[in-house]
Amino acid sequence: MNESKDFLRTIIDEDLKSGKYKEIITRFPPEPNGFPHIGHAKSICINFGIARDFEGQCNLRMDDTDPKKEDTKYVEALKDAVKWLGFEWNTKVHFTSDYFSKLYDYAVELIKIDKAYVDSLSEEEIRQYRGTVTQSGKRSKYAKRSVEENLDLFARMKNGEFKDGEHILRAKIDMSAANMKMRDPLLYRIRHANHFRAGDKWCVYPMYDFAHCLSDYMEGVSHSICTLEFENNRDIYNWVLNTLKLELPRPYQYEFARLGINYTIMSKRKLLELVQSGEVSGWDDPRLPTIAGYKRRGYTPESILNFCDQIGIAKANSMVDVSQLEFCIRDDLNKKVPRVMCVLDPIKVNIVNYDGCEKIDASYYPHDVPKEGTRELPFSKDIYIERDDFNQNPPKDYFRLTPEQPVRLKHAYIISFKELIKDASGNIIEIKVNYHSDSKSGVDTSGIKVKSAIQWVSAKECKKVEVRLYNRLFLVENPEGIKDINPNSLQIIKNALIEPAVINEKPDERFQFERQGYFYADPIDYTEQNPVFNKIVALKDSWTKKVKTTKTKANKIQIDGEAAPMNEEQNKAFNKYANELKLNNELANILARDEELSHFFEESLSLLNSPITLANMVANEVARELKQTTKLKFTPKQIAELVGMIDDGTISNKIAKQVFEEMAKSGENPNAIVESKGLVQISDPSKLSPIIDEIIAKNPTNVAKFKEGNTKLLGFFVGQVLKTTGGKANPKVVNELVAKKLNE
RNA sequence: UGGGGAUUCGCCAAGUGGUAAGGCACUAGCUUUUGGUGCUAGCAUUCAUAGGUUCGAAUCCUAUAUCCCCAUCCA
């Protein structure tokens, strides 16, 4: 776990501390209309992880409000994913469809308080009436229907008296709301459809915005965590719960950025397209970012969990590099799985001076993996090695077998090149070599230095296996769909050769094929007759990577637009502030452009003739408060009082900010705050000196660093002094004193 | 275009007025019978840009730029 908390956990911490909730309840609320992918895994980790961390609970809830798209098989896939990742839901799986009758009652409630109405506009008309982002919409004439009529109509909608689309239940909010989502959102639609759980019982189905918040509420959810695209829906979420006047505690919605990974597609719609088009073999195709795909490919739940932990949770749209995921699976498997030898592209090697055969005892694990286990490796005259591990005309720094360079057969002997056998067209079909009988692994007395040890299998005893190599499914970083697909994303090797122990002993399901990567015995297609291995991920490879592209950092140039021109009145004010009062242009500009601020400023100026300090206070501090609240708790007079204390040296700017905050919160007079908290600043060097000396004595390493030229540390020392004096030390004086003392 | 979000290294991401965390990637060196692993070191005088406030700004103020979301009877 990271030491630092993400923003959600920070909020929850505060809510718990403030007593807003006694227990933390979250939920993972997928719609069962597709297979879960690694983006869902992120959400699962967040919701179940938070529940675990705060000793609360997380509900698994199927958000099944659209009977047209949902299906039981997706419910099962979702349950599998949660279980596979190692989380447990509380007692049972929840379904929004279980709440249909309660939801219906809430809708009736809304109608009764005249906050919902049955609209009978056509779909097209509804769209038109909604307006656009820049133009407000207009309300349907049906919004005027009486409560009784609405109640009657809604009941008849439920009873199936109308056709799909004939009527619709809407919230009565505001057709001119700037947030489009609040323009009388749809609550219930008529659907004569069979629901996979509710059957034919219902003819009306609730919309997401109505069902979700209430389902959360009914389950006692405290924190309803969803992705960024629901930010605009938060207003409806709150509106529904508030206008129904539900008892506290109630849930609140928080949004985080969904997961994006480069070279992969995460949209459920596009994933479905890939599956249906046959571009992949199914939802569990190992090239897919679905949980089922990763599982089939051989990823471990631990690696996915770790990945989710590493990428963090934030609100900025982001695209994680696949290498981060690959790191997680390598990192996990490195500690766990046996190393074995498999030759993917075999070339025959004949050891001319070796006769007979022998069994070599070889460890499954390298020296740095603290696990035990060995197998017997048959060795004989005829073996196979990887075609790439021999090179007749090696490039510089090639470590493997060449006509001049011997190589070690991993766990066995060193061999030296003797002769090449080629066919009529010049292709190498066999390499003849000599072995060094005194170079056996572990008891090597030959003194021969080799640069590497390569994998091999004995020709007679090795087993033929099928190996499926996966490359990234897409050619481009940000794929749009089938058009970007990598035609070589799957490579099947039918005749790979593997050492016999893997097949006979089956020491594990996952292996590292030495020097190649991690592989997984396919859980479905693997048979005794035709063993199949999926490549999970390649080992890191700093050899083939040596030919690397150099990247250049382009300096981005930003073109700044211009601020809107000032009107006549603003211009007049600006000139007055800049010329008469001698404010700097920035200050004059800020005040002149904001009517509220300029009024505030002029009023305070009439009480205290200190234009510059006042202007600073108003343009910076007052402006901030104005952004956050509509009604200020303090007056221009109080500001004048506060500025007066700065001007006469009673308090420093730093204290002034502290006092200001207090004043903004309580509305108390600055004088009173300063007095009650004893905030008068300390400017007397004789009082400050001992404190500074103490801090210098306590931080010898920082003093040394400072003397070596790290002048930034001056801020550190000043900060420490301010901290120990509770902000009361006069920073200017401290600054001078510290600088003097440090330079002594 | 109205509204809502976001912007800290190639990619994630801490940080909420007092020395710019960490991970991935990358680059060296050491170790290594995996060109793996491990270890060590190196990777942001600067936080989208420009101003302002402050002894001190990634953090506060102002303006600007760029990206994302919203006009499904989907969720």
Side-chain angles (χ1 to χ4, degrees), chain A residues 2-4 29-31 33 63 65-66 68-69 123 126-127 130-137 164-165 168 177-181 183 186 188-191 207-208 212 228-233 255 257 262 310-312 314-321 323-324 327 330 334 339 366-369 397 399 408 410-411 441-442 444 450-455 512 514-516 539-544 548 551 553 556 558-563 584-587 589-590 593 616 619-621 623-624 652-654 657 702 705 710 712-720 722-723 731-732 734-736:
Chain A
N2 288 333
E3 274 176 59
S4 48
E31 182 188 14
N33 68 343
D63 207 1
T65 56
D66 185 358
K68 286 199 295 194
K69 291 192 289 191
E123 203 172 329
I126 287 180
R127 216 191 322 280
R130 190 144 38 214
T132 67
V133 285
T134 46
Q135 289 168 299
S136 69
D164 285 14
I168 194 134
N179 178 356
M180 296 287 295
K181 286 261 147 92
R183 322 253 253 227
L186 277 34
Y188 262 92
R189 75 283 218 192
I190 300 171
R191 275 280 137 92
M207 302 286 291
Y208 167 85
H212 204 92
L228 248 28
E229 67 269 27
F230 291 98
E231 273 171 330
N232 295 319
N233 300 250
E255 309 88 14
N262 56 7
Q310 282 188 14
I311 56 174
K315 293 194 72 154
N317 292 315
S318 56
M319 179 88 84
V320 177
D321 199 322
S323 66
Q324 188 107 21
F327 166 83
R330 280 193 205 107
N334 173 49
R339 271 58 168 179
H367 63 97
D368 50 357
V369 172
D397 290 333
F399 291 171
R408 173 173 296 280
K410 176 95 185 178
H411 299 300
S441 187
D444 183 358
V450 290
K451 289 198 171 123
S452 80
I454 61 171
Q455 71 272 30
Q512 186 195 104
E514 294 254 10
R515 304 207 302 135
Q516 305 196 108
L539 249 32
K540 254 179 90 166
D541 180 4
S542 47
W543 166 244
T544 53
K548 246 284 171 195
K551 56 193 167 195
K553 193 178 172 183
K556 50 186 171 183
Q558 182 168 314
I559 299 148
D560 279 6
E562 270 176 37
N584 70 34
N585 282 359
E586 180 73 17
L587 229 35
N589 200 8
I590 293 169
R593 279 171 183 277
N616 275 329
N620 290 298
E621 313 301 319
R624 180 178 60 246
S652 64
N653 270 298
K654 193 184 176 77
K657 292 204 177 183
N702 278 344
K705 277 195 215 163
N710 190 347
K712 274 187 295 189
L713 256 16
L714 188 65
F716 164 78
F717 288 106
V718 175
Q720 290 296 309
L722 267 301
K723 206 172 159 188
K732 272 186 197 158
V734 172
N735 226 344
E736 282 164 25

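Computed from a predicted structure; not experimentally measured. These values consider heavy atoms only, across backbone and side chains, with no hydrogens, waters or symmetry-generated copies. Numbers restart at 1 for each chain; the letters A, B, ... are given by sequence-line order, proteins then strands.
Residues A/Arg189 and A/Glu123 have side chains not in contact (no heavy-atom distance under 4.5 Å, counting atoms from C-beta outward). A/Gln516 places none of its side-chain heavy atoms less than 4.5 Å from the side chain of A/Leu539.
Checked against side chain to side chain contact (heavy atoms under 4.5 Å, CB included), A/Asn735 has the following partners two or more places apart in sequence or in another chain: A/Leu714, A/Val718. Legend: residues meeting salt bridge (Lys or Arg N to Asp or Glu O under 4.0 Å) with A/Glu229, ordered by chain and number and at least two apart, are A/Arg258. Residues that satisfy the ring pair (Phe, Tyr, Trp, His ring centres under 6.0 Å) test with A/Tyr188, not counting sequence neighbours, are A/Phe154, A/Phe210. Considering only residues two or more places apart in sequence or on other chains, A/Arg408 meets the salt bridge (Lys or Arg N to Asp or Glu O under 4.0 Å) condition with A/Asp444. Every residue meeting the salt bridge (Lys or Arg N to Asp or Glu O under 4.0 Å) condition with A/Glu621, not counting sequence neighbours, appears here in chain and number order: A/Arg624, A/Lys657. With sequence neighbours excluded, the residues that form a side chain to side chain contact (heavy atoms under 4.5 Å, CB included) with A/Asp164 are A/Ile190, A/His192. A search for side chain to side chain contact (heavy atoms under 4.5 Å, CB included) contacts involving A/Glu586 returns A/Asn584, A/Ile590, not counting sequence neighbours. Contacts of A/Phe716 classified as ring pair (Phe, Tyr, Trp, His ring centres under 6.0 Å), with partners at least two apart in sequence or in another chain: none. Shown here are the salt bridge (Lys or Arg N to Asp or Glu O under 4.0 Å) partners of A/Arg191, two or more places apart in sequence or in another chain: A/Asp66.
For A/Arg515, a side-chain nitrogen or oxygen approaches OP1 or OP2 of B/G35 to under 4.0 Å. Distances shorter than 4.0 Å separate none of the side-chain N or O atoms of A/Ser136 from OP1 or OP2 on B/G2. Here A/Arg330 does not reach the OP1 or OP2 of B/U34: none of its side-chain N or O atoms lies under 4.0 Å away. The shortest distance between the side-chain N/O atoms of A/Thr65 and the OP1/OP2 oxygens of B/A75 is below 4.0 Å. Using a 4.0 Å cut-off, some side-chain N or O of A/Arg189 falls inside it from OP1 or OP2 of B/A75. When the side-chain nitrogen and oxygen atoms of A/Ser318 are compared with OP1 and OP2 of B/A13, one or more of them lie within a distance under 4.0 Å. Phosphate proximity of B/A14 to A/Lys315: absent, as no side-chain N or O sits under 4.0 Å from OP1 or OP2.
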Quiz prompt | Contact pattern, 5' to 3', of nucleotides 58-64 of chain B - B, S or - by protein heavy atom under 4.0 Å | solution = --SBBSB
Exercise. Using a 4.0 Å heavy-atom cut-off, write out nucleotides 38-47 of chain B from 5' to 3' as B (base contacted by protein), S (sugar-phosphate only) or - (no contact).
Key: --------B-
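Taking the 5.5 Å centre cut-off and the 30° plane limit, the aromatic side chain of A/Trp543 is classed as stacked on B/G35. Centre separation under 5.5 Å together with a plane angle under 30° holds for the ring of A/Phe399 and the six-membered base ring of B/G35, marking them as stacked.
Between A/Val718 and A/Ala178, it is A/Ala178 whose nearest contact on RNA chain B lies nearer the 5' terminus. Each of A/Asn584 and A/Arg408 has a nearest nucleotide on RNA chain B; the 5'-most of these lies closest to A/Arg408.
For B/G36, the base has no donor-acceptor partner in the side chain of A/Gln512 [N/O atoms by modelled type, under 3.5 angstrom]. The base of B/G18 sits with one of its N or O atoms less than 3.5 Å from a complementary donor or acceptor on the side chain of A/Lys654. A donor N or O paired with an acceptor N or O is found under 3.5 Å between the base of B/G3 and the side-chain atoms of A/Asn232. Between the side chain of A/Asp321 and the base of B/C11, no donor-acceptor pair under 3.5 Å is found.
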Quiz item: Based on Watson-Crick and G-U pairs with both distances under 3.5 Å, what dot-bracket line describes RNA chain B 5' to 3', crossing pairs as [ ] and inter-strand pairs as |?
Solution: .(((((((.[[[..)..(...]]].(((((.......))))).....[[[[[..)....]]]]])))))).....
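The listed nucleotides are B/C73, B/U34, B/U7; the one nearest the side chain of A/Ile168 is B/C73.
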